[in-house]
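Worksheet for the structure shown next.
A, B, ... follow the sequence lines: proteins, then strands. Residue 1 opens every chain.
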Amino acid sequence: MKIKYILEHEEKNTKARLGKIETNYGTFETPMFMPVGTEATVKTLSVEELKDVKAGIILANTYHLWLRPGEDIIAKAGGLHEFMKWDGPILTDSGGFQVFSLAKPKDISEEGVKFKNHLNGDNLLLTPEKSIEIQNKLDSDIAMSFDECIGWPASYEYCKQSVERTLRWAKRGKDVFNNDRQSLFGIVQGGEYEDLRKYCTEELVKMDFDGYSIGGTSVGEDKPTMYKMVRYATKYLPQGKVRYLMGVGDPIDIVENVCRGIDIFDCVSPTRLARHGHYLTKFGKYNIKNAKNKDDFSCLDSNCDCYTCKKGYSKAYIRHLINAGETLGARLLSIHNIRYLIRLTEELREAIKNDSLLAYREQFIKDYYGDKGLPYKQNLDEIIN
RNA sequence: GCGGAAUUGGUGAAGUGGUUAACACGCCGGAUUGUGGCUCCGGUAUGCAUGGGUUCGAUCCCCAUAUUUCGCC
């Protein structure tokens, strides 16, 4: 079956929504943070650990799995769930972000995008049809349309033609889509221009996707710009379908965008930060490598319910592991960071349920930024109206 | 005991008779957003073994001392 989004409650004072999504591999509540497992693994975590941090769904990457080990191997294994032994929901990204991060403008054409396989130098062409075909074989629960993710800033003219292309690519992908057990999302592009975001959203809605996501964010723009881009899309999206904001995972961005009507987020940050020795807490982001942690035998965050903190692994020990390049360090911090972000969405759900999201947001900012205050000018108007 | 060579920051080391002593590692900070997994960006010797001397000026030249190291007896 396709996924089913059930809207349970709309927060009274903001655009936030409480809901749940039913899939073939279980139901999860939204808003939800989705850890990234590019190579069919959330880096350093076992599936038991993923369950333990209460991940409702994870993301895997079409581009990477296409190159290695190849979608046919995964299909032969019985699909991605069976291959990686994860029995929860999976969303596959289409490769659209690699258009932004790996391909050069000259490699992008109407047909698709040329890539160079870094493993053996092969020239590869990824097209909307190919991306969908791969995702159909991977058998994830949610497939993403192949879009053109552009950087920021981008001119109106470039965004406009890019939106048109993304819409044509969305249509081409939808036409060849062939997997009853899988759902397909459209991706809203349009840069920072409201009329383009609106147009793109409305055209995608006409095509009737199973859910919608917002792309082209966290590509270098400032926060207020990102929040506007989000609002330009959520304004025109149907209430009965799920909204997924791609690539966003700074804690404040999760809070702000939940307020603007987003249901799902994904981001590499908790695992990448972990590998580089950073950890998140209610009171901000910290660097475990700082010399002051050398003999600090307290845990990362005494209020945290993650395995790392409950077990009582100390800052001094984790600092040592990170400095020594031991993978357990990255793993303990990844568990902590992912749990932090998922717990953040749990708290947001609770606040939505109680219609107290604005107060929660206020307190979050106070705790996380302290005396420094918000690093940007807030616009409450956007959240409320 | 005799003779040679060496001595530059936490480490390995470049280097020059004349403003800021290269580079690398480490260390100390910071960055990281639909992940091309050890990446990127900063900072980090007021001093070149010690004491004398030559010189307008010495880390660089000379002498002595110390230490290390090699060879010979």
Side-chain angles (χ1 to χ4, degrees), chain A residues 33-45 57-68 90-103 115-121 124 131 135 140 142-152 166 185-189 211-223 226 229-230 243-254 256-257 262 264-280 285-294 319 321-327 329-331 333-334 337 341:
Chain A
F33 175 77
M34 174 166 62
V36 175
T38 302
E39 301 266 16
T41 165
V42 174
K43 293 184 195 306
T44 74
L45 298 209
I57 175 170
I58 63 170
L59 177 149
N61 202 285
T62 300
Y63 173 79
H64 303 262
L65 297 176
W66 174 45
L67 296 190
R68 179 174 58 187
I90 301 174
L91 177 149
T92 40
D93 188 22
S94 61
F97 187 71
Q98 279 63 47
V99 175
F100 164 69
S101 64
L102 299 180
F115 292 101
K116 212 165 201 89
N117 182 334
H118 61 283
L119 300 171
N120 58 18
L124 301 166
S131 174
Q135 294 183 75
S140 55
I142 300 171
M144 300 303 300
S145 293
F146 186 66
D147 64 326
E148 182 188 6
C149 179
I150 63 172
W152 185 88
T166 286
F185 282 20
I187 303 177
V188 178
Q189 291 289 344
Y212 298 91
S213 70
I214 298 165
T217 55
S218 45
V219 290
E221 77 284 6
D222 52 79
K223 290 181 185 297
M226 179 212 282
M229 292 181 190
V230 168
R243 296 103 171 250
Y244 157 37
L245 178 58
M246 307 185 81
V248 170
D250 189 356
I252 185 63
D253 293 341
I254 291 178
E256 289 283 20
N257 289 308
I262 296 296
I264 302 178
F265 301 83
D266 82 281
C267 192
V268 303
S269 75
T271 46
R272 182 179 290 165
L273 287 174
R275 268 177 275 126
H276 297 159
H278 293 79
Y279 64 99
L280 300 164
K285 192 185 78 177
Y286 296 97
N287 188 346
I288 195 73
K289 292 193 283 187
N290 285 173
K292 67 180 174 201
N293 295 320
K294 206 174 347 188
R319 176 179 191 272
L321 293 175
I322 293 288
N323 282 341
E326 287 291 343
T327 51
R331 181 160 156 221
L333 289 181
S334 291
N337 286 343
L341 289 177

Taking atom types as they are modelled, would you say the side chain of A:Arg275 forms a donor-acceptor pair with the base of B:U35 within the 3.5 Å cutoff?
yes
When rounded to the nearest 0.5 angstrom, what is the spacing between CG in A:Leu91 and CD1 in A:Ile57?
5.0 Å
Under 4.0 Å between a side-chain N/O of A:Asn290 and OP1 or OP2 of B:G30, yes or no?
yes
Considering only atom C1', compute the distance from B:U8 to B:A49 and round it to an integer number of Å.
10 Å
Separation of B:G29 atom P from A:Tyr286 atom OH, nearest Å, is 15 Å
Does A:His278 make a side-chain donor-acceptor contact with the base of B:U32, cut-off 3.5 Å?
yes
Applying side chain to side chain donor-acceptor pair (under 3.5 Å), name anything that partners A:Gln98, two or more places apart in sequence or on another chain.
none
By salt bridge (Lys or Arg N to Asp or Glu O under 4.0 Å), which residues pair with A:Lys223, not counting sequence neighbours?
A:Asp250, A:Asp253
Do A:Leu333 and A:Ile322 come within less than 4.5 Å of each other through their side chains, counting heavy atoms only?
yes
Whole-Å distance, A:Lys292 NZ to B:C27 C1', equals 17 Å
Under 4.0 Å from OP1 or OP2 of B:A31: is there any side-chain N or O of A:Lys285 that close?
yes
When you compare the side chains of A:Asp147 and A:Gln189, does any donor N or O come within less than 3.5 Å of an acceptor on the partner?
yes
Using 0.5 Å steps for rounding, measure from the OH atom of A:Tyr63 to the CG atom of A:Leu124.
6.5 Å
Between B:C73 and B:G17, how many Å separate the two C1' atoms, rounded to a whole number?
41 Å
Nearest whole Å is fine: how far is B:G34 P from A:Asp253 CG?
12 Å
Testing A:Thr62, A:Thr92, A:Asp93 for side-chain hydrogen bond (donor to acceptor under 3.5 Å, both in side chains) with A:Ser140, which one passes?
A:Thr92
If the condition is salt bridge (Lys or Arg N to Asp or Glu O under 4.0 Å), which residues does A:Glu221 pass it with, not counting sequence neighbours?
none
Provide, to the nearest angstrom, the distance between the NZ atom belonging to A:Lys294 and the P atom belonging to B:G10.
15 Å
Flag, side chain of A:Arg243 to backbone of A:Ile264, donor-acceptor distance under 3.5 Å:
no
Spacing of A:Leu45 atom CG relative to B:U35 atom P, expressed in whole Å
16 Å
Which pairs of donor and acceptor atoms, one on a side chain in residues 265-278 of chain A, lie under 3.5 Å apart (sequence neighbours left out)?
unit_1	atom_1	unit_2	atom_2	d
A:Asp266	OD1	A:Tyr244	OH	2.8
A:Asp266	OD1	A:Gly247	N	2.7
A:Thr271	OG1	A:Val268	O	3.0
A:His278	ND1	A:His276	O	3.3

Does OP1 or OP2 of B:U35 have a side-chain N or O of A:Thr38 closer than 4.0 Å?
yes
Reading 5' to 3' and counting Watson-Crick or G-U wobble pairs with both distances under 3.5 Å, write the dot-bracket notation for RNA chain B, | for bases paired outside the strand.
(((((((..(((.....[....)))((((((.......))))))....(((((..]....)))))))))))).
Determine the interatomic distance between P on B:G29 and the same-named atom on B:A13; round to the nearest Å.
28 Å
Using the P atoms only, state how far B:G26 lies from B:G12, rounded to an integer number of Å.
15 Å
Under 3.5 Å donor-acceptor pair, A:Thr271 side-chain atoms to B:U35 base atoms
yes
Rounded to whole angstroms, how far apart are CD1 on A:Ile288 and P on B:G29?
11 Å
Taking atom P of B:G34 as reference, at what distance in whole Å does atom CH2 of A:Trp152 sit?
18 Å
Output one line per pair: protein atom, nucleotide atom from nucleotides 39-41 of chain B, and distance, for all N/O pairs under 3.5 Å.
none

Interatomic distance, CD@A:Glu326 vs CZ@A:Arg331, rounded to 0.5 Å, equals 12.0 Å
For A:Leu341 and B:U35, give me the distance from atom CG to atom C1', rounded to whole Å.
15 Å
Look at A:Arg272 and B:G37 and indicate whether a side-chain polar atom (N or O) is within less than 4.0 Å of OP1 or OP2.
no
Scan A:Leu91 against the nucleic acid and name what it touches under 4.0 Å (heavy atoms): base, sugar-phosphate only, or nothing.
nothing
At under 4.0 Å, does any side-chain N or O of A:Asn287 touch on OP1 or OP2 of B:G30?
yes
